[in-house]
Amino acid sequence: MVWFDICAAADLQPDSGVCALVQGQQIALFYMTATESVYAVHNFDPFGQANVLARGLIGDLDGQPMVASPLYKHHFNLKTGVCLEDGGVHIPVYPVRVDNARVYVGMPE
Amino acid sequence: MKQTLVVIGNGMVGQHFLAGLVASPEKDQYDIVTFCEEPRPAYDRVHLSEFFAGKTAEDLSLVPEGFFATHGITLHLGDRAASIDRDQKIVTSAKGVSIRYDKLVLATGSYPFVPPVPGHDRKNCLVYRTIEDLEAMTVAAKTGKIGTVVGGGLLGLEAAKALKDLGLETHVVEFAPRLMAVQIDEAGGAMLRRKIEALGVTVHTGKNTSQITDGETCVNKMCFADGEELETDVVLFSAGIRPRDDLARSCGLELGQRGGIVIDNQCKTSDPDIYAIGECALWNGMIFGLVAPGYAMARTVIADLTGTAGSFTGADMSTKLKLMGVDVASIGDAHAKTQGAMVFTYQNGASEVYKRLVVSEDKKRLLGAVLVGDATEYGTLLQYCQNGIELPENPDALILPRRDDEAAPGLGPDALPTSAQICSCYEVSKGAICSAIAAGCTTVNALKAETKAGTGCGGCVPLLKSVLNCELAKQGYEVNTDLCEHFAYTRQDLYNVIMVEGVKTFGELLAKHGKGAGCEICKPAVASILASYWNDYVLKTEHLSLQDTNDTFLANMQKDGTYSVVPRIPGGEISPDMLIVLGQVGKKYKLYTKITGGQRVDLFGARVEQLPTIWKELVDAGFESGHAYGKSLRTVKSCVGSTWCRYGVDDSVGLAIELENRYKGLRSPHKIKFAVSGCTRECAEAQGKDVGVIATENGWSLYVCGNGGMKPRHADLFATGLDRQTLIQYIDRFLIFYVRTADRLQRTSVWMENMEGGLAYLKSVVIDDKLGLCAELEQQMAHVVDTYQCEWKTTIEDENKLKRFRHFINSDQADDNVVFVEERGQIRPANGEERKHFKMLEVA
Ligand code: SRM
Ligand SMILES: Cc1cc2nc3c(=O)[nH]c(=O)nc-3n(C[C@H](O)[C@H](O)[C@H](O)COP(=O)(O)OP(=O)(O)OC[C@H]3O[C@@H](n4cnc5c(N)ncnc54)[C@H](O)[C@@H]3O)c2cc1C
Ligand code: SF4
Ligand code: FES
């Protein structure tokens with residue numbers, strides 16, 4: 001696991017998403033204020049086949065943090081990447097660390 | 001061998017008979033022939049007045065397309081049966097067609113009675129029975145100012161409303177000392193009179209017309225026996241009906257003393273091969289001037305022809321009227337003629353309500369009732385009366401007003417026996433409805449389609465609905481109206497909470513009334529309510545995270561993650577210079593360009609980081625956001641109108657632009673579309689929009705709650721003859737009432753379909769201010785109009801907001817998954833196959 005310094009914590013959007021380019025990968029970063037958590041998933045919506053998840057609405061369903069794709073509204077669990085409508089589909093998720101007001105994402109070596 | 005069955009008259013009852021017969025298993029036993037004197041086959045006379053509300057002859061038709069051909073029925077249209085030879089069994093028509101019959105059905109209906117006063121056949125002296133009569137009224141009303149109805153009965157008052165709607169000063173002249181003497185008692189009649197007069201109709205009772213002569217200021221003058229006179233342009237006779245029994249008379253069938261073809265319980269006349277049904281028939285000394293008894297007679301004849309037992313045993317003459325916005329109902333023995341009957345009366349002078357119950361001597365059965373001013377209990381009382389249900393201990397509780405916390409003593413649908421008739425037009429019992437529900441009909445519309453209940457006069461729909469809800473509840477269906485798991489409220493509840501408590505942010509609302517972190521359902525819904533009410537900038541920090549991506553980026557996301565750009569083009573009017581700007585921007589950013597279905601231009605394929613610069617160029621050139629991304633006003637479509645069009649009656653483009661500029665930016669439960677047409681040719685298709693306006697000689701006509709899209713709905717005519725100011729006032733109220741009370745993502749069409757009381761209720765709120773809300777609604781709209789801002793202009797002026805318009809926060813690179821190919825000289829998103837080949841293509 002390698003940690004990459006992505007951006008300042010202040011660059012995150014409260015209760016919303018932004019997208020970062022990390023090692024050629026598009027990573028969607030979400031900052032949920034209610035739990036003070038930051039989540040990172042891949043930006044690609046496997047149903048809509050487009051890089052749009054960072055622009056989806058976030059919130060929780062059954063207590064699990066989720067993002068709803070802006071294209072066809074599929075929900076993905078932000079912790080596990082599993083699609084709530086279709087358990088067979090999941091998107092990559094990445095660990096996130098906030099240190100000294102900087103945001104780091106961990107990627108496999 | 002097939003027998004020949006001839007039906008004379010293709011009116012409401014004749015057609016009901018044919019439809020029932022061809023649906024029965026015995027249909028193949030007969031060759032069917034029908035004579036229809038009118039120029040068109042059967043139409044809905046009961047709803048004839050809706051002709052003035054814009055319904056066409058086709059809308060009113062009761063005959064499905066291809067009906068006669070499909071069922072092999074020979075129709076002689078526009079041909080009157082002129083004689084019957086009972087010995088030879090031959091019917092001969094006015095056009096000379098002769099048919100030998102085995103069985104004959106007379107369904108010749110009735111004609112309006114015109115008192116034989118001198119001058120009754122003068123110019124503009126008309127009756128109210130056929131579509132042709134209505135056309136004649138329309139012509140007469142064009143040149144006249146005053147109209148008078150002779151006859152203050154059920155039909156007369158309906159005719160008076162028609163005259164009023166045609167823009168005439170309206171009078172009703174009644175011979176009896178009160179209105180609707182047949183149906184309601186004296187006190188009820190007096191209350192009704194006050195209400196009708198409050199609507200601007202002058203009522204003259206106890207007036208005997210002695211002659212009609214030349215008028216001085218009008219076409220006609222009516223002279224009364226008491227010496228008084230009334231100048232009027234149009235005279236409309238509605239003094240009762242007379243059975244059309246001339247044919248029967250000339251072939252020697254038995255008639256009643258005062259007319260009507262005598263029938264027995266099988267609806268047979270004095271000739272066993274001839275039946276008579278509908279308004280021409282006299283049963284037990286009675287003529288039934290309503291459609292439901294006629295339908296029952298038609299069913300009886302079908303049963304008799306097909307050998308099943310069935311008999312006509314009289315019919316209920318209860319009526320509920322939708323008169324000029326005045327509720328009037330009469331049930332059973334309204335005049336308490338039954339031996340020993342007891343009467344309970346409730347009268348409220350302030351709110352002009354009058355109710356009367358007629359109860360049997362032992363206080364156990366309801367015999368009759370009269371309701372004026374408020375007929376909400378009609379359905380319940382009718383059930384008590386028809387089904388002989390035992391009354392509660394204090395019967396007057398049924399009509400006494402209740403305080404809010406008291407439950408209505410109304411009959412739960414559970415209390416009704418299975419045999420209770422819910423719909424009298426189509427004779428549908430509670431049992432039939434319950435089986436349809438069990439078979440999967442879970443909405444009122446499904447029930448209507450399956451059982452036909454509620455599709456006649458419509459009076460039974462509220463009861464139908466409560467039977468449905470009650471059954472669904474019993475089957476364990478729970479109708480959950482919660483917005484989502486975060487808020488146990490409906491959108492309407494939340495709207496009220498926000499308004500009453502002055503809540504300004506989602507966070508505040510969630511903390512006070514919700515739970516969890518929210519989702520993609522409640523966030524945009526609450527954002528929309530906040531925007532409708534406070535009209536803040538939607539990208540304000542505290543609202544930003546609530547918006548759908550389209551609202552966040554003020555553009556519509558396309559399938560590949562790029563966006564479209566739709567500047568506002570109010571009313572569809574655009575100068576060549578502005579068109580050139582659009583062309584230049586499209587060319588510069590290599591956008592795909594298309595004319596939309598809403599009379600404007602859409603530019604596709606803009607990447608998120610290009611949106612601010614594209615919009616800056618557009619805003620600098622004078623364009624504004626078109627809100628194509630919002631649940632808000634979209635377009636106001638216009639036709640070219642009187643400025644250029646040879647038929648144009650008024651300036652439709654000018655009005656469309658004014659309306660679009662007034663309501664642009666209004667956030668609503670769903671998108672809203674308008675259109676304005678310059679004349680009734682309707683080139684702007686206003687009757688398919690949420691709000692449609694059509695110019696007429698008398699002013700603007702306003703239509704509401706139309707829809708194109710998935711389930712098209714014709715808009716309802718809401719008001720006519722409006723000047724600009726009143727028009728805008730009504731639209732203001734209409735829109736805010738919609739914004740306040742609709743569900744999330746509910747178009748005005750569905751909102752209307754679900755509204756208790758429907759169009760009449762909406763009119764009473766918006767036009768008559770029944771809820772006393774209008775000033776508030778207008779004020780709220782004024783706030784929205786006053787605080788309008790172009791969201792794109794605000795956004796490009798704010799460095800902070802622009803930060804979001806980048807694909808990556810840590811790189812200026814573009815999304816490499818966006819790939820375009822060329823087609824017909826423009827770009828389009830590459831498909832999967834093409835993507836593989838063009839992977840490396842540079843994207844501008
Ligand atoms: C661009 C346009 C098609 C075109 O190229 O002509 C269009 C495009 C879309 N329409 Fe439409 N509609 C367009 C005119 C219409 C019309 C015609 C009209 O307005 O006269 C209708 C039928 C009229 C009506 O709404 O009553 C129409 C009925 C719909 C519906 C069905 C609504 C319904 O009540 O059944 C949807 C789906 C929805 O809203 O849920 C829809 C949804 C959409 C969406 C938003 C679908 C989506 O989520 O991506 C499309 C995206 C627009 C974009 O990206 O800019 N669009 N759409 C038209 C834009 C008009 C404009 O200038 O703003
Ligand atoms: C404005 C209006 C409002 C009404 N509102 C209500 C209401 O709210 N509720 C209600 O229950 N009822 C209402 N009615 C009454 C209802 O319309 C009648 O009860 C119903 O139409 C009777 O049907 P019918 O077939 O007997 O007669 P009709 O519908 O009159 O049909 C008879 C047909 O036979 C034709 N005909 C007659 N003689 C011949 C011939 N010799 N050869 C060929 N054809 C012939 C006639 O031209 C006519 O088309 C209303 C009526 C009117 C006019
Ligand atoms: S609706 Fe009437 S006024 Fe408008 S363009 Fe068509 S014909 Fe002309
Ligand atoms: S009672 Fe007339 S539609 Fe049901």
Side-chain angles (χ1 to χ4, degrees), chain A residues 4-35 37 43-45 47-75 78 84 102-103 105, chain B residues 484-486 506-507 510-511 514-525 527 539 541-553 555-563 607-609 629 801 803-819 829-832 835:
Chain A
F4 294 91
D5 180 343
I6 308 297
C7 59
D11 289 338
L12 296 174
Q13 290 285 338
D15 293 315
S16 187
V18 294
C19 180
L21 189 61
V22 187
Q23 298 296 94
Q25 299 291 326
Q26 298 200 14
I27 308 293
L29 291 167
F30 300 101
Y31 170 31
M32 210 175 271
T33 56
T35 49
S37 333
N43 194 32
F44 192 72
D45 172 356
F47 296 96
Q49 293 279 314
N51 287 313
V52 295
L53 290 183
R55 290 174 253 161
L57 274 166
I58 61 166
D60 62 0
L61 283 179
D62 275 337
Q64 295 299 308
M66 61 81 191
V67 58
S69 167
L71 279 175
Y72 304 108
K73 311 286 168 197
H74 292 95
H75 298 94
L78 288 176
L84 305 192
R102 298 292 302 173
V103 181
V105 170
Chain B
C484 65
E485 67 174 55
H486 305 102
F506 178 80
L510 189 69
K515 60 167 194 266
C519 65
E520 85 288 354
I521 306 283
C522 58
K523 284 181 171 181
L539 298 187
T541 314
E542 58 268 41
H543 303 320
L544 188 104
S545 69
L546 308 176
Q547 315 293 350
D548 251 319
T549 184
N550 286 0
D551 286 273
T552 319
F553 295 98
N556 297 41
M557 180 182 275
Q558 305 299 313
K559 60 198 286 187
D560 59 353
T562 63
Y563 289 89
R607 295 193 314 270
V608 64
E609 63 273 19
Y629 46 81
K801 295 293 171 210
K803 281 196 191 144
R804 280 218 90 178
F805 290 84
R806 294 176 72 186
H807 191 78
F808 298 113
I809 38 164
N810 58 349
S811 159
D812 286 332
Q813 255 176 267
D815 179 5
D816 62 1
N817 190 47
V818 171
V819 183
N831 61 35
R835 236 169 244 280

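Each chain gets a letter, A, B and so on, in the order its sequence line appears, and its residues count up from 1.
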Counting only heavy atoms closer than 4.5 Å, note whether A:Asn43 contacts chain B via side chain, backbone, both or neither. side chain
Which region of A:Ala68, side chain (C-beta onward) or backbone (N, CA, C, O), has a non-hydrogen atom less than 4.5 Å from a non-hydrogen atom of chain B, or is it both or neither? side chain
Does a side-chain N-to-carboxylate-O contact under 4.0 Å join A:Arg55 and A:Asp45? no
Give a yes or no on whether a salt bridge exists between B:Asp812 and B:Arg806, defined as a side-chain N under 4.0 angstrom from a carboxylate O. yes
If you tally heavy-atom pairs under 4.5 Å against chain B, which of [options] wins?
{"options": "A:Ala50, A:Ala20, A:Gly59, A:Gly63", "answer": "A:Ala20"}
{"options": "A:Leu29, A:Val18, A:Asn51, A:Ile27", "answer": "A:Asn51"}
{"options": "A:Asp62, A:Ile6, A:Thr35, A:Asp11", "answer": "A:Asp62"}

Heavy-atom cut-off 4.5 Å, strictly under: side chain, backbone, both or neither for [X] against chain A?
{"X": "B:Gln813", "answer": "side chain"}
{"X": "B:Thr552", "answer": "neither"}
{"X": "B:Leu510", "answer": "neither"}
{"X": "B:Asp560", "answer": "backbone"}
{"X": "B:Glu520", "answer": "both"}

Listed by chain and number, what are the side-chain contact (heavy atoms from CB on, under 4.5 Å) partners of A:Ser16, not counting sequence neighbours? A:Gln13, B:Ser545, B:Arg804
Can you check whether B:Asn550's main-chain N or O pairs, donor with acceptor, with B:Asn556's side chain at less than 3.5 Å? no
Value for CG (A:Leu78) from CG (A:Asp60), rounded to nearest 0.5 Å, stands at 10.0 Å
Locate the shortest heavy-atom distance separating B:Ala517 from B:Lys523; write the atom from each residue and the value. O-CE, 3.6 Å
Residues at least two apart in sequence or cross-chain that pass ring pair (Phe, Tyr, Trp, His ring centres under 6.0 Å) with B:His543, listed by chain then number, are none
